[in-house]
Amino acid sequence: MADVLALIDANNFYASCEQAFDPALIGRPVVVLSNNDGCVVSRSSEARQLGIGMGKPYFQIAGQLASHGVVVRSSNYALYGDMSQRLMSSLEPFVAELEVYSIDEAFARLPRPRCGDLSSWAAELRSRIRHNLGLPIAIGLAPSKVLAKVANRIAKGDRCHAGVFDLGREINPDPWLEQTPVEEIWGVGRQLGRWCRLRGIANARQLRDMASGELRAKAGVVGLRLQLELQGVSCLPLEEGPTAKRETCVSRSFSRPITDAGELRQAVASYVVRAAEKLRHQRQCSGRLTVFARTSPFSPGFYSQAAGTSLPVASNDTAVLLQAALPLVALIYRPHKRFAKAGVLLQDLQSQEQLQHHLLAPLPEAEQQRRADLMQRIDGLNRRYGRGTVQWAACGLTPGWMMRREQLSRAATTRLADLPTAWAR
DNA sequence: TCTGGGGTCCTAGGACCC
DNA sequence: TCTGGGGTCCTAGGACCC
């Protein structure tokens with residue numbers, strides 16, 4: 001029989017991770033906040049039932065959360081990243097091919113058995129993940145990625161599906177597509193969603209059946225692919241293995257506005273340091289660097305500016321990137337502007353191994369090797385003893401703008417001192 | 001006072017070339 | 001004074017994703 005595509009994801013991933021390491025939270029409403037404790041990015045089902053909205057700014061609903069006794073956590077990416085790796089490696093033995101799509105979801109391909117029924121396979125997978133990681137997962141099965149997403153949504157929505165739904169086994173999928181609002185389809189965003197509604201296209205079945213010429217005029221080939229996928233024609237391939245990144249970005253909001261040029265420089269310097277680390281970890285070099293900063297879009301007099309420069313030779317050496325980036329800060333800085341966020345974007349990424357040595361290389365071979373060794377040592381020390389153990393002077397010593405994480409849980413799986421403790425009586 | 005961060009893909013339009 | 005057609009490459013910006 002033909003292969004099946006699956007979309008497997010963890011329910012309320014961040015909130016579920018918090019619950020997995022603090023059993024006292026199970027059954028209680030829990031929300032996890034974005035960086036800087038900005039807004040809600042994950043809710044346990046109990047929190048959802050209380051009507052707490054996704055993406056709501058924390059400062060607007062702090063009172064409501066307190067009055068309902070909601071547990072609030074800052075996001076703990078060290079923990080979630082590690083749990084994600086465990087989840088993905090647990091899925092692997094259950095499928096033929098796996099594409100890790102995001103921190104909490106994966107597409108997979110598997111053969112459909114002769115009897116056609118995958119429910120025992122799915123039940124076994126769910127109970128294994130629940131038992132080993134303490135995470136609830138949902139599984140959607142269908143002939144294409146977009147339909148697998150639809151199926152996953154149905155699996156989550158209805159209790160009687162027990163976290164699994166196989167759209168490929170439905171003789172008539174239309175009722176299921178009709179109960180899927182057009183905005184909920186993977187690939188339909190705000191613009192396309194509004195456009196569909198204006199034309200009376202309200203659900204997935206109607207989008208599937210609409211005139212393709214009209215859709216093409218609005219959404220181009222992306223729209224056509226989307227429609228084919230809804231018809232059960234798989235045209236988005238499964239991508240195994242990490243594809244090389246084309247760009248890498250590090251940006252953060254500040255815990256308080258910055259008006260001082262020196263502080264903005266320090267912030268940009270720290271982001272460059274982090275971005276260079278990421279680059280070396282990806283074994284890539286960057287040929288172009290852009291620095292940007294903006295004030296709050298929620299305040300009058302919004303200001304946003306970017307400045308970029310090309311490097312004579314692509315590099316992942318922190319000192320080289322800092323040297324390129326810091327002069328750009330003066331170009332985007334404006335006195336009296338209250339900067340809320342800044343960042344650095346590394347573009348023109350090339351693989352470190354394939355990087356052709358420039359004829360006018362700024363440093364002789366031996367010196368380049370020495371620099372590469374130095375970067376490796378610094379990365380090693382920071383990995384072992386914690387980020388910031390070896391720091392660059394340009395970043396400043398006591399930044400007052402560092403992000404806020406006031407309700408952080410422990411790094412229970414990645415830092416020895418944070419190992420959970422079990423008490424016995 | 002306080003509103004996330006990090007990506008990809010596609011298209012339109014300008015510059016430039018023959 | 002008249003001023004084509006077709007191609008490539010690059011960039012900016014829109015749209016979308018989690």
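Numbers restart at 1 for each chain; the letters A, B, ... are given by sequence-line order, proteins then strands. These numbers were taken from a predicted model, which means no experiment stands behind them. Just so it is clear, the values below take in all heavy atoms, side chains as well, and ignore hydrogens, waters and symmetry mates.
- Among the heavy atoms of the strands, none lies under 4.0 Å from A:K56.
- Pair assignment for B:dC18 gives C:dG5, based on Watson-Crick or G-U wobble hydrogen-bonding distances that are each under 3.5 Å.
- Here the options are A:K278, A:H281, A:Q282, the test is side chain to side chain donor-acceptor pair (under 3.5 Å), and the partner is A:T248; only A:Q282 passes.
- Rounded to the nearest 0.5 angstrom, A:L98 CG and A:E92 CD are separated by 5.5 Å.
- Nucleic acid contact for A:E105: sugar-phosphate only, since backbone atoms but no base atoms lie under 4.0 Å from a heavy atom of the residue.
- Between A:S74 and the options A:N36, A:N35, A:D37, a side chain to side chain donor-acceptor pair (under 3.5 Å) holds for only A:D37.
- Using a 4.0 Å heavy-atom criterion, one finds that A:R252 contacts the sugar-phosphate atoms exclusively.
- Counting any heavy atom pair closer than 4.0 Å across all strands shown, A:T248 reaches sugar-phosphate atoms only and no base atom.
- Between the CD1 atom of A:I185 and the CG atom of A:L192 there is a distance of 8.5 Å, given to the nearest 0.5 Å.
- When heavy atoms are screened at a 4.0 angstrom cut-off, A:V41 is found touching no nucleic acid atom at all.
- Rounded to an integer number of Å, the gap from A:E247 CD to B:dG6 C1' is 9 Å.
- Nucleic acid contact class of A:D104 (heavy atoms, under 4.0 Å, all strands): sugar-phosphate only.
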